[in-house]
S.K.: 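I am attaching a structure below and will ask some questions about it afterwards.
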Amino acid sequence: MSIHINADKSAVADKVLLPGDPLRAKYIADTFLEDAKCYNTVRNMFGFTGTYKGKRVSIQGTGMGMPSMSIYANELMADFGVKTVIRIGTCGSIHPDIRLRDVLAAVGASTDSNMNHDRFGSISYAPTANFELMLRASEAAHNLGIPIKFGNVFTSDKFYDDRLEEKTGLMREYGVMAVEMETAELYTLAAKYGVSALSLLTVSYSLVTNELTTTEEREKTFNDMIRIALEII
Ligand code: HPA
């Protein structure tokens, strides 16, 4: 039991998928898991536990942005003792090599957030993914015939940012693939608590071409990413 997750410790598996949208958590539980049970409804931030190919897995919504992700990740890691977390989310491409519907894996996360300045002071900490999970994601994507790209992402505090072009332009110059809003905090907390973490992302929007995926395309590419996540967790 924690402040935002009203469940017994035993109700949550030690491997958790983290979609931002709680209704996505329900969709994944309904579509991919067996015997899924909802363990949390606080603030409608649903969490479910079930099995996938016999493995016990939980799916917990995190909300949007680092402060919200930070609440759920902290409680899962510190209070529920989870050992493996995989974010499954969407992102906007900021690089011409990254196309709409691509599945990405975040090796590291650059950020404009103050959260790590507040933690580390003058040190610029580098939040990174777990290497083992990256290897497994590469192998699973290959076996499933789903192309996957590995690289840096930009975890931004603002979706609507007056300096968006300036910041994403600078990130693009340094090879950053896409912008999203949660990974830097997830990876930092995972390091603090000794948890294995990976962010998988599908490109739902291109800031390079201004193309947007349709609802059906979003569902198909999201399902591809979920399959990879469930295979490796
Ligand atoms: N910006 C920030 N986060 C996002 C975006 C975006 O364009 N698309 C999906 N998540």
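As the structure lists them, so they are numbered: ligands from 1, and atoms in each ligand from 1. Every value quoted in this text rests on a predicted model; they were computed, and no experiment measured them.
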S.K.: Please write down residue, atom name and distance for the protein heavy atom closest to atom 6 (C) of ligand 1.
M.R.: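 Protein heavy atom with the smallest distance to atom 6 (C) of ligand 1: F159 CE1, 3.6 Å.
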
S.K.: I'd like to know if K220 and E217 make a salt bridge, using a cut-off of under 4.0 Å between side-chain N and carboxylate O.
M.R.: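 Looking at E217 together with K220, the answer is no, because their closest N to O distance does not fall below 4.0 Å.
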
S.K.: For atom 9 (C) of ligand 1, find the nearest protein heavy atom and state the residue, atom name and distance (0.1 Å precision).
M.R.: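 For atom 9 (C) of ligand 1, the nearest protein heavy atom comes out as C91 CA, 3.4 Å.
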
S.K.: For atom 4 (C) of ligand 1, which protein heavy atom lies nearest, and how many Å away is it?
M.R.: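 Going by distance alone, atom 4 (C) of ligand 1 is nearest to V179 O, 3.7 Å.
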
S.K.: Only heavy atoms of L207, strictly under 4.0 Å: list the atoms of ligand 1 that pass.
M.R.: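 Checking each atom against L207, I get 7 (O).
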
S.K.: Scan the side chains in residues 124-133 for donor-acceptor partners under 3.5 Å anywhere in the protein, sequence neighbours excluded, and list what turns up.
M.R.:
{"unit_1": "N130", "atom_1": "OD1", "unit_2": "E132", "atom_2": "N", "d": "3.1"}
{"unit_1": "N130", "atom_1": "OD1", "unit_2": "L133", "atom_2": "N", "d": "2.9"}

S.K.: State whether E231 and R136 are salt-bridged, where the test is any N-O pair (Lys NZ or Arg NE/NH1/NH2 against Asp/Glu carboxylate O) under 4.0 Å.
M.R.: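 Salt bridge absent between E231 and R136.
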
S.K.: For R119, is there an ion pair with E185 - N to carboxylate O distance below 4.0 angstrom?
M.R.: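 Yes, this pair counts.
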
S.K.: In terms of residue, atom name and distance, what is the protein heavy atom nearest to atom 10 (N) of ligand 1?
M.R.: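 Closest protein heavy atom to atom 10 (N) of ligand 1: T90 O, 3.5 Å.
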
S.K.: Salt-bridged, R99 to D102, with N to O below 4.0 Å?
M.R.: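 Answer for the salt bridge query: no.
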
